[in-house]
Number of protein chains: 2
Amino acid sequence: MTEENGLPAEIALLWGLRETPRRGRKPSLTIGEITRAAIEVADAEGLGAVSMARVAQQLGNSTMALYRHVKSKDELLKLMADAAMEDPPPMPATGGWRAGLTLWANSVLLTFRRHPWCARIPLTGPPLGPKNLAWFDSALGTLADTPLSESEKVGVVMGLLTFVHGEIRLTAELAESFQENPEAFGPSYARALRLLVDPRKLPALGRVVDAGVFDQPNLYDEGDVDADFAFGLGLYLDGVAAYLAGRA
Amino acid sequence: MTEENGLPAEIALLWGLRETPRRGRKPSLTIGEITRAAIEVADAEGLGAVSMARVAQQLGNSTMALYRHVKSKDELLKLMADAAMEDPPPMPATGGWRAGLTLWANSVLLTFRRHPWCARIPLTGPPLGPKNLAWFDSALGTLADTPLSESEKVGVVMGLLTFVHGEIRLTAELAESFQENPEAFGPSYARALRLLVDPRKLPALGRVVDAGVFDQPNLYDEGDVDADFAFGLGLYLDGVAAYLAGRA
DNA sequence: GCTAAAGAGCGTAGCTCATACGCAGTTGTG
DNA sequence: CACAACTGCGTATGAGCTACGCTCTTTAGC
């Protein structure tokens, strides 16, 4: 609202575009510090622990002081979501699009793994934050040497992003619940399935259960999760390769 | 806790396994009614409007009466998440796995579109609810005629589910924010990008912006969203086809 | 039938949390 | 030096979850 360049207030904040006040008391807080403190709290104690009071305490300030810099808690959450994305790694110049997109997807996943709460912050529009756009650019750059149109590149990247977001959503939430309740992922899961799955009503699932697919000591094994992701990612990239081949 | 079959309390509730009390006043509420009322509120006014008081009001009861049937609001949310999934459609016997998985993925998406708030309810473990397992079985059934091992079938379905969940997460949240703030998806987005994207720092994104990919009257167009989903889904299924071919 | 236990409905109250509002202190500007 | 602009912050309000305990209803056991 203090901006006249037509950008939403929170976007201007994200890019550091704000006319600095000439008069008045010097601020003892900056938006960057507030965002960083909130991210620290979320990393250490989860998104549920992020209250305005808790963040202010982290900074040694009072609760209401934050509202001079941030319009609402929602706005703070959006700032956190962009800031937590850090910077994308440099993409290798050699290796082609497939190596690039594989590295990119794994990097996105790693970044979210460091801040699992990010997946819980609702989106409020197409990407506009600086970190988000940097990642977007990074993915598009890996497709620079392909004959795809700009619009097709966006489609491929959006599809990949969709897949990665799904992985993040599923694994980040399961990771949180695994910490609180590991038994749910152990042998008791297979036991529950054998009890609940009627092979007449759910025959395909019954066969899977009988084959012992779920008889593992820990279904939420980091290695398995990564392998599943790599498998799905490989399938998607195979599809991209087939699309490229059919186009040339 | 009232169960002795080793199932978590909420799972027993989901499957209707609860020893019915012999003595005492007749319940005027059932878990099914409570869940249905909560889903009505969420469908009509969003998940944010679902408070225990609001659900009780919907039923003409007092707030605290709900707690005789449900341990906490979180438990109610889990019940809602499973119940909202309705039943999977019958899979066509003919057409092969590809037609089956395509129908399945689109059906999952449609079901979530009817209840966008579902994507916001956090997962707390591997699927155990009756509706969730029915959908899982349905997807596995489409792969029955393929030579895949049971474990591979699970991998393929999980990968697809990951992709669909990503789509749901992205589109359901954007749909909500689109209703509140449609301008964010209009020409102002392209304008903001042209203002913020420095072609030296984000060259690939700059080329996309220059090509006019974002110059659309409405980026959140239902047709475009569906087309993007179909495109990504096609790529993934192409990957599955390639995997099957390489295995035979 | 009678009694007591089991269980339902619900009013009260305590806790956490976001945030509107206004005052007080601070710092440039004219 | 006075004023305007601006920050920090204390207070208060209202929403929401839920622990606790009272009261009423129903049925098992005699």
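So that the names make sense, note that chain A is the first sequence line, chain B the second, and so on, each numbered from 1. The structure displayed is predicted, hence computed values, not measured ones. Below, all heavy atoms of this structure are taken into account, side chains as well, without hydrogens, waters or symmetry copies.
- Using a cutoff of 4.0 Å between basic side-chain nitrogens and carboxylate oxygens, B:Arg36 and B:Glu40 are not scored as salt-bridged.
- Atom OH of B:Tyr67 is separated from atom C1' of D:dA19 by 10 Å (rounded to the nearest Å).
- Between B:Lys71 and B:Glu10 there is no salt bridge, since no side-chain nitrogen of the basic residue lies less than 4.0 Å from a carboxylate oxygen of the acidic one.
- Where B:Val50 and B:Lys26 each meet DNA chain D at their nearest nucleotide, the meeting point lying more 5' is that of B:Val50.
- For A:His115, the ring-ring contact (aromatic ring centres under 6.0 Å, His included) criterion is met by A:Trp117, not counting sequence neighbours.
- When A:Asp137, A:Asp87, A:Asp82 are each tested for a salt bridge (Lys or Arg N to Asp or Glu O under 4.0 Å) with A:Lys131, only one passes: A:Asp87.
- Applying the side chain to side chain donor-acceptor pair (under 3.5 Å) rule to B:Arg120 yields the partners B:Glu176; only residues at least two apart in sequence or on another chain are considered.
- Rounding to whole angstrom units, CG of residue B:Leu66 and C1' of D:dC17 are separated by 12 Å.
- Residues passing the side chain to side chain donor-acceptor pair (under 3.5 Å) test with B:Asn218, sequence neighbours excluded: none.
- Along DNA chain C, read 5' to 3', the first and last nucleotides having any atom under 4.0 Å from a heavy atom of chain B are C:dA5 to C:dT12.
- In this structure, A:Met52 atom CE and D:dT11 atom P are separated by 19 Å, rounded to whole Å.
- Salt bridge present: A:Arg113 and A:Asp226 bring a charged side-chain N and a carboxylate O closer than 4.0 Å.
- Looking only at distances, a side-chain donor or acceptor of A:Ser188 sits under 3.5 Å from a matching main-chain atom of A:Glu183.
- Within the 4.5 Å cutoff, the side chain of A:Asn61 has no heavy atoms near those of the A:Ile34 side chain.
- Note that CD of A:Glu167 is 13.5 Å distant from OG1 of A:Thr162, once rounded to the nearest 0.5 Å.
- Here D:dA19 presents its P atom at 15 Å from NZ of B:Lys73, a figure rounded to the nearest Å.
- Taken residue by residue, residues 53-61 of chain B places no heavy atom nearer than 4.0 Å to DNA chain D.
- Taking the six-membered ring where tryptophan is involved, the planes of A:Phe229 and A:Phe163 are essentially parallel, since the angle between them stays under 30° and well short of 60°.
- Residue-level contact check: B:Thr63 touches the bases, meaning some heavy atom is under 4.0 Å from a base atom.
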Just the table, please: protein N/O against nucleotides 20-23 of chain D N/O, every pair under 3.5 Å.
none

